[in-house]
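For reference, the structure discussed in these notes is given below.
These numbers come from the heavy atoms of this one structure, side chains and all, not from hydrogens, waters or symmetry mates.
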Amino acid sequence: MRIGRESVVQMLRFGIATGISAVVSVGFPVVLHELLHVEEKLAVGISQVSVLMLNFLTLRLFVFRANGGGQRVMFRYLASSLAFRGLEYLSFLMLFELADLFYLTALVITLVAWTGIKFLWYRSLFGGRVAAVG
């Protein structure tokens, strides 16, 4: 299977957007817990919710450069993102509570594990086709 230039560019942009999201997703709970003494589970939950709009904007405008669908795409994004965030949070809780991992270790494992699945889903959501590079 040949991967076209446009797909590679989208994957690179997705990596950048994911990196930004990860910094917020990991950095925000660190600030909340370590500096403000918010309980770990609540700090991670707050960070999961806080990146919803950031991710929507970066995926739509930067990664996939979508311009159609409007409210329908936003609703589907929010619904799927909430489902992903819920599954990520459950994954985090399983690693944190059941596997007794350090909260940051559990969070990073969770975020990395879901990245590929989300790329494929969001690519289909924001048009299902490869946008022109430029």
Cut-off 3.5 Å, no hydrogens considered: what does the side-chain donor-acceptor table look like for residues 33-40, sequence neighbours left out?
residue: H33; atom: ND1; partner: V38; partner atom: O; Å: 2.8
residue: E34; atom: OE2; partner: Y103; partner atom: OH; Å: 2.9
residue: E39; atom: OE1; partner: K41; partner atom: N; Å: 3.1
residue: E39; atom: OE1; partner: L42; partner atom: N; Å: 3.1
residue: E39; atom: OE2; partner: K41; partner atom: N; Å: 3.3

Is there a continuous path of hydrophobic side-chain contacts, each under 4.5 Å between heavy atoms, that joins F28 to L107?
no

Sub-3.5 Å donor-acceptor pair from the side chain of S91 to the main-chain atoms of L87, do we have one?
yes

Just say parallel, tilted or perpendicular for the rings of F96 and F92, cut-offs at 30° and 60°.
parallel

Min side-chain heavy-atom separation L125-F64 under 4.5 Å
no

Is there a path of hydrophobic side-chain contacts, each under 4.5 Å between heavy atoms of I, L, V, M, F, W or Y residues, that connects L111 with V23?
no

To the nearest 0.5 Å, atom CG of L57 lies from atom CE of M74 at 7.0 Å

Could you state whether F14 and V73 fall into the same hydrophobic cluster, counting links through intermediate Ile, Leu, Val, Met, Phe, Trp or Tyr residues with side-chain heavy atoms under 4.5 angstrom apart?
yes

Can you tell me how far the CH2 atom of W121 sits from the OH atom of Y77, to the nearest 0.5 Å?
13.0 Å

Atom pair CG/CG of L52 and L82 - distance to nearest 0.5 Å
5.5 Å

Which class fits the ring pair F56 and F126: parallel under 30°, tilted 30 to 60°, perpendicular over 60°?
tilted

Can you list everything that forms a side chain to side chain contact (heavy atoms under 4.5 Å, CB included) with M94? Sequence neighbours excluded, please.
L98

Report, as yes or no, whether the 6.0 Å neighbourhood of atom CZ on F75 holds more than 12 heavy atoms from other residues, nucleotides or ligands.
no

Reported CD-to-CH2 distance for the pair E88 and W114, which is rounded to 0.5 angstrom
7.5 Å

Under 3.5 Å, is there a donor-acceptor pair between the side chain of S25 and the main chain of A22?
no

Determine whether F84 and V24 fall in the same hydrophobic cluster, where Ile, Leu, Val, Met, Phe, Trp and Tyr are linked whenever their side-chain heavy atoms lie under 4.5 Å apart.
yes

Does any part of the side chain of R85, heavy atoms only, come nearer than 4.5 Å to the side chain of V49, both counted from C-beta?
no

Shortest non-hydrogen separation from T58 to N55 and the atoms involved:
OG1-O, 3.2 Å

Using side-chain heavy atoms (C-beta onward) and a distance below 4.5 Å, is I16 in contact with F62?
yes

About how many Å separate CG of L95 and OG1 of T110, when rounded to the nearest 0.5 Å?
4.5 Å

Connected via hydrophobic side-chain network under 4.5 Å: V51 and I20:
yes

Quick one: CG on L59 to CG on L54, what's the gap to the nearest 0.5 Å?
9.0 Å

